[in-house]
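Let me begin by presenting the structure, written as C-alpha cells, before commenting on it.
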2 protein chains.
Amino acid sequence: MDYKTKKVITIGVMSELTGLSERQIRYYEERKLIFPDRSKGGTRKYSFEDVETLMDIANHMEDGLQTHEIKKIQEKREQRRLPEAQLKEKMLRGQLNAHFNLRK
Amino acid sequence: MDYKTKKVITIGVMSELTGLSERQIRYYEERKLIFPDRSKGGTRKYSFEDVETLMDIANHMEDGLQTHEIKKIQEKREQRRLPEAQLKEKMLRGQLNAHFNLRK
DNA sequence: CGTGTAAGGAATTCTGACACG
DNA sequence: CGTGTAAGGAATTCTGACACG
C-alpha cells in the first residue's frame with residue numbers, strides 16, 4: 001500500500017542506493033538489523049524505509065560502532081516510537097521473560 | 001530521490017503488484033506506454049509511478065481500448081499537466097516536424 | 001568483528017519467434 | 001492486436017565456507 005514500507009527492492013538495487021556491498025547488507029541482516037521479505041524463490045526484497053535504515057547503519061558503522069550497539073540504538077528508537085500502552089506491555093513481556101529465564 | 005519516481009522495481013515484482021503478466025508489461029513497453037530504466041545487465045527497473053501507470057493501462061484495456069488509443073489518452077493527460085510555456089513550445093515543435101515531414 | 005571472494009547452484013530476466021485469432 | 005509459451009542464454013541472487021585480522 002505505502003511506497004515507503006512496501007518491500008519491492010532487490011539487493012542489487014539496495015547496494016546501489018546505499019553504497020553498501022551485498023555482503024554488508026546480508027551481514028546486517030544476520031545481525032538482526034534489517035528484515036527483508038523473501039520472494040517465493042528466496043530472493044530478498046527491501047522497502048525504501050529499509051534504505052533509510054541501512055544508511056543509518058552505515059553512518060553508525062563509520063563512527064566505529066559495533067552491530068550489537070547499533071541494535072541497541074534501534075531498540076531505543078523503537079521504544080520512543082511506541083504509544084504508552086504498547087510500551088508498558090512490551091516492558092512487561094521483557095520482565096516476564098527475564099523472570100522465567102532466571103528460574104530455568 | 002523521490003520514492004514515487006525512483007526506478008527500482010523488477011518486472012517480476014511489477015507483475016505481482018499489477019496483476020499483469022510479464023509478457024503484457026513488456027508489450028506495453030513495446031507500444032511506448034511505459035518506460036522502464038535498465039540495469040547495466042539489461043534488466044528492467046520500474047517506479048511506483050509506473051505501477052500506477054500500468055494499472056491505468058490495465059483498466060483501459062479492460063474497457064476494450066487499443067494500445068494506440070491509450071497512448072493518445074496519455075498524451076492528452078501529459079498536455080494538461082504542462083505549464084503554458086512548455087505546452088506552446090511542444091506544439092510548435094510538432095508543427096515544425098509536420099512541416100518538414102511534408103517537404104521531405 | 002566485519003567484509004571480501006571464489007564456488008556451485010538456483011531463481012530471475014532477456015530476446016526473438018511461433019501460435020492463435 | 002494482444003498475449004501465451006517454449007528455447008537458449010545471460011544477469012542476478014543465494015548459501016556456506018575460507019581468509020584476514
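Chain letters run A, B, ... following the sequence lines, proteins first, then strands; residues in each count from 1.
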> Is B:D50 salt-bridged to B:R44, going by a charged N under 4.0 Å from an acidic O?
Replying inline: no
>> Among D:dG2, D:dT13, C:dT15, which nucleotide has an atom closest to any side-chain atom of B:R38?
In response: C:dT15
> So do the side chains of B:L17 and B:Y46 get within less than 4.5 Å of each other, counting heavy atoms only?
Replying inline: no
>> Output the rounded distance in Å from CG (A:L65) to P (C:dG2).
In response: 10 Å
> Can A:R38 and A:E29 be counted as an ion pair, charged N to O under 4.0 angstrom?
Replying inline: yes
> So which one's nearest nucleotide on DNA chain D is more toward 5', B:E30 or B:K40?
Replying inline: B:E30
>> Looking at A:T67, I'd like to know whether one of its side-chain N or O atoms comes within less than 4.0 Å of OP1 or OP2 on C:dG2.
In response: yes
> So does A:R31 get a side-chain nitrogen or oxygen closer than 4.0 Å to the phosphate oxygens (OP1/OP2) of C:dT3?
Replying inline: no
>> Strictly by Watson-Crick or wobble contacts shorter than 3.5 Å, is anything paired with D:dA6, and which nucleotide is it?
In response: none
>> Using a heavy-atom cut-off of 4.0 Å across all strands, would you classify B:R26 as base, sugar-phosphate, or nothing?
In response: base
> A:T43 side chain: which of C:dT5, D:dG2, D:dT13 is closest?
Replying inline: D:dT13
>> I need the minimum non-hydrogen distance between A:L54 and A:M14, along with the two atoms involved.
In response: CD1-CE, 3.3 Å
>> Under a 3.5 Å cut-off for both contacts, is D:dG16 paired Watson-Crick or G-U wobble with anything, and if yes, with which nucleotide?
In response: none
> Yes or no on salt bridge (charged side-chain N to carboxylate O under 4.0 Å, His left out) for B:R81 and B:E78, after CA distance, side-chain angles and deciding distance?
Replying inline: CA-CA 5 Å; B:R81 221 183 50 69; B:E78 177 60 19; 3.2 Å; yes
> With no angle test and no hydrogens, is the base of D:dT5 tied to the side chain of B:R23 by a donor-acceptor pair under 3.5 Å?
Replying inline: yes
>> So if I take every side-chain heavy atom of A:E22 and compare against D:dC14, D:dT13, D:dT3, which nucleotide ends up nearest?
In response: D:dT13
> Taking the side chain of B:Y28 as its heavy atoms from C-beta onward, which of C:dT3, D:dG2, C:dC14 lies nearest to it?
Replying inline: D:dG2
> Does A:S39 have a side-chain nitrogen or oxygen under 4.0 Å from the phosphate oxygens OP1 or OP2 of C:dT12?
Replying inline: yes
>> Just N and O in the side chain of A:Y27: are any of them under 4.0 Å from OP1 or OP2 of C:dG2?
In response: yes
>> Please compare A:Q24 and B:G12 by the position of their nearest nucleotide in DNA chain C and report the one closer to 5'.
In response: A:Q24
